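First up is the structure itself, then whatever we jot down about it.
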Amino acid sequence: MCGIVGYVGPRQASEILINGLSRLEYRGYDSAGLATLGPSGLEVRKFAGRVSVLRDSVTDSAVAGTCGVAHTRWATHGPPNQTNAHPHTDCSGGVAVVHNGIIENADMLRRLLSSERHCFRSDTDTEVLAHLVERSSATSLEGRVIDALSDVEGTLGVAVVDSTDPDKIVVARRGSPVLLGIGDDEYFVASDVGALLGHTRSVVYLSDGDIAVLTRSGYRIMDRWEQEQVRPVDTIEWDLETMALGGHAHFMHKEIHEQQHSVANALRGRLLPDEGRARLNGLNLDAEDVAGIKRVVLLGCGTSFHAGLVGRHLIEHLAGIPVDVDIASEFRTRRRLPMSGALTVAISQSGETADTLEGLKAARSAGAHVVGLVNVVGSTIARETDGGIYLHAGPEIGVASTKAFTSQVVALTLLALHLGRHTGLSVEDGRAVAKSLAALPELIEECMTVERQVRRVAEDCASAQTALFLGRGISVPVALEGALKLKEVSYIHAEGYPAAEMKHGPIALIEKGTPVIVLAPKDDVFTKTVSNMQEVKARGGRLIVVTTDGHDELDELADELIRVPASSPLLSPVLTVIPLQLLAYHTALLRGCDVDRPRNLAKSVTVE
Ligand code: F6R
């Protein structure tokens, strides 16, 4: 979603700002803009469309300046056009504001400010901030920003510059991430570490309520009473290379192929194969805490929710603890019942998903112990939880989540093993799980050999109106994930369903040639799944079956048989999902879709 970049230092700001925005493009946006402070005052440039349009417009000397802020916007209030793009300015044109989040009382403030003769130009909620800063009588920019924010309700990450207080950026955080980059005599602002790569590895994550003031000579952080706050300086783990295509045509393709490494990273240092257990120190749960867990609640959205559905099977099977899995937005709006004794796990690649964040807060206020399963280090969910497991999958740039899913399933298996060894799972059974986990990276590599076959299958799927994905047991979430991947990147209508449930409705969708993709790894529901395949076949559906090596009974039945290496049935989702990711990718390519940036979607969904 929206992205913020800011710079103050000795170098020309516009180039740094635009390069930073380019690295945030993956988050999804519809317009881009910047404001620089130079010898001739404040200069604003903004456009609907890609960052490249903005880049082409900043070649003249009017945008010269060594301090500035920039933004990519994902429209919420008002259509995605030039006027609504950020930065927004006050009546004098001297104050420029970029903002992520939503100002909930914007309509009321707009009426009030209009009645005081402030002149609005855009439809956005953000513009009220620029006029509120203008209206304040405080003497410094930080004082005026603090005044402005005291009138505002909602979530925000903001960066503000003012031509009357030059060479200064004031930044504030309330619910929407902002971090500072610390360079040599230069300072950066960003909503995402990606924008800072190549400039500095030293960052300061602002906490909610923080206001930061950046100048060429340093930075300071304070609260709204201007009391100094001390925040640690952290080091970014990612580097520029991890954000490059590395020879692949698209990030989605790169990230599918990275999975043997991302899964190995999720396991690194955490498996104790001889002892048959997992070491998860970051969870901050000792034996006594685990003994007090009466149930586990897994929260997430989209792909992360699907990983949670796999997690239910894993935790119930290995640890014998009952598990609820909820879509975070639904969880938080239901009646809140007491949750003492519930371990709540917030699952999120980005760590910024607003629904998941609100879900974890709701769980905590109901008495749950809350941990995170997050990829992005230092993200809001990682910081809001009492402990957690980082995925260490590296940046996921493609909007469709791929490598995060397999890492989430692996991290949930580690969690299940950890809990299980405290709740009665034997050393021997623990060793078997550890062995299966350790074998995964190699099996994932083998799995990639299906790509040529999947590309052929994609040729049939590309002209389909609809596709069904079916599975049973632990394969149901994989079916849901396969359908989500196909619909979001290829725009083909797709449904994921439990195979047995198909006959209660969706079977009506099947006609001659409808692609029906069935997940059928060899497990204890295999035979029943084969019966469901017969039902599909009898209705003329085109049967594409993903199964495990070494079973010939499907040769006759399936129109297309995609074999993945055999693994422990509990871990089959990590392997069976790979052909589905590749199918979505190749189908989308054949249909000419923008696979890395599907329409209407954003990588990090920071609005509820
Ligand atoms: C689908 C996809 C989304 C995300 C969802 C949650 O490919 O990417 O469904 O999984 O928006 O995002 P995170 O995991 O960042 O909380």
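Position 1 is the first residue of the sequence; numbering continues from there. Only a predicted model underlies this, so the values are computations on that prediction, with no experimental measurement involved. Atoms within each ligand, like the ligands themselves, are counted from 1 in listed order.
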Exercise. Quick check: does any side chain N or O of R279 sit under 3.5 Å from a backbone N or O of G269, one acting as donor and the other as acceptor?
Worked result: yes
Exercise. Going by the order shown, which atoms of ligand 1 are within less than 4.0 Å of some heavy atom of S348?
Worked result: 13 (P), 14 (O), 15 (O), 16 (O)
Problem set entry | Test: R599 cationic atom under 6.0 Å from Y491 six-membered ring centre, within 45° of axis | yes
Exercise. Counting each atom of ligand 1 from 1 as listed, which ones have a heavy atom of Q349 under 4.0 Å away?
Worked result: 13 (P), 14 (O), 15 (O), 16 (O)
For this session: Kindly say whether H86 contributes a backbone atom to a donor-acceptor pair with the side chain of R73 at under 3.5 angstrom?
Result: no
Problem set entry | Residue pair Y29 / E25, side-chain donor-acceptor N/O under 3.5 Å | yes
For this session: State the atoms of ligand 1, each with its element, that fall below the 4.0 Å cut-off from a heavy-atom position in A400.
Result: 7 (O)
Exercise. Knowing that exactly one of V450, V457, V577 qualifies, which makes a side chain to side chain contact (heavy atoms under 4.5 Å, CB included) with L582?
Worked result: V450
Problem set entry | Protein heavy-atom partner closest to atom 15 (O) of ligand 1 - residue, atom, separation in Å | S350 OG, 2.6 Å
Exercise. Any idea which protein heavy atom is nearest atom 6 (C) of ligand 1, and the distance to it?
Worked result: C301 O, 3.3 Å
Exercise. Does ligand 1 have an atom under 4.0 Å from some heavy atom of K485?
Worked result: yes
Exercise. Between N375 (side chain) and G394 (backbone), is there a donor-acceptor pair under 3.5 Å?
Worked result: yes
Seminar exercise, completed: T303 heavy atoms within 4.0 Å reach ligand 1 at atoms 1 (C), 2 (C), 7 (O), 9 (O), 10 (O)
For this session: Examine T353 against ligand 1 and note whether any of their N/O atoms are separated by less than 3.5 Å.
Result: yes
Seminar exercise, completed: To the nearest 0.5 Å, atom CD of Q465 lies from atom NE2 of H493 at 11.0 Å
For this session: Return yes if some donor-acceptor pair links the side-chain N/O of N284 with the main-chain N/O of D386 below 3.5 Å, else return no.
Result: yes
Exercise. What do you reckon, does V399 put a non-hydrogen atom under 4.0 Å from ligand 1?
Worked result: yes
For this session: Enumerate the atoms of ligand 1 whose separation from the nearest heavy atom of E488 is less than 4.0 angstrom.
Result: 1 (C), 7 (O)
For this session: Using a strict cut-off of 4.0 Å, indicate which atoms of ligand 1 neighbour a heavy atom of S304.
Result: 10 (O), 13 (P), 14 (O)
Seminar exercise, completed: protein heavy-atom neighbour closest to atom 11 (O) of ligand 1 works out as V605 CG2, 4.0 Å
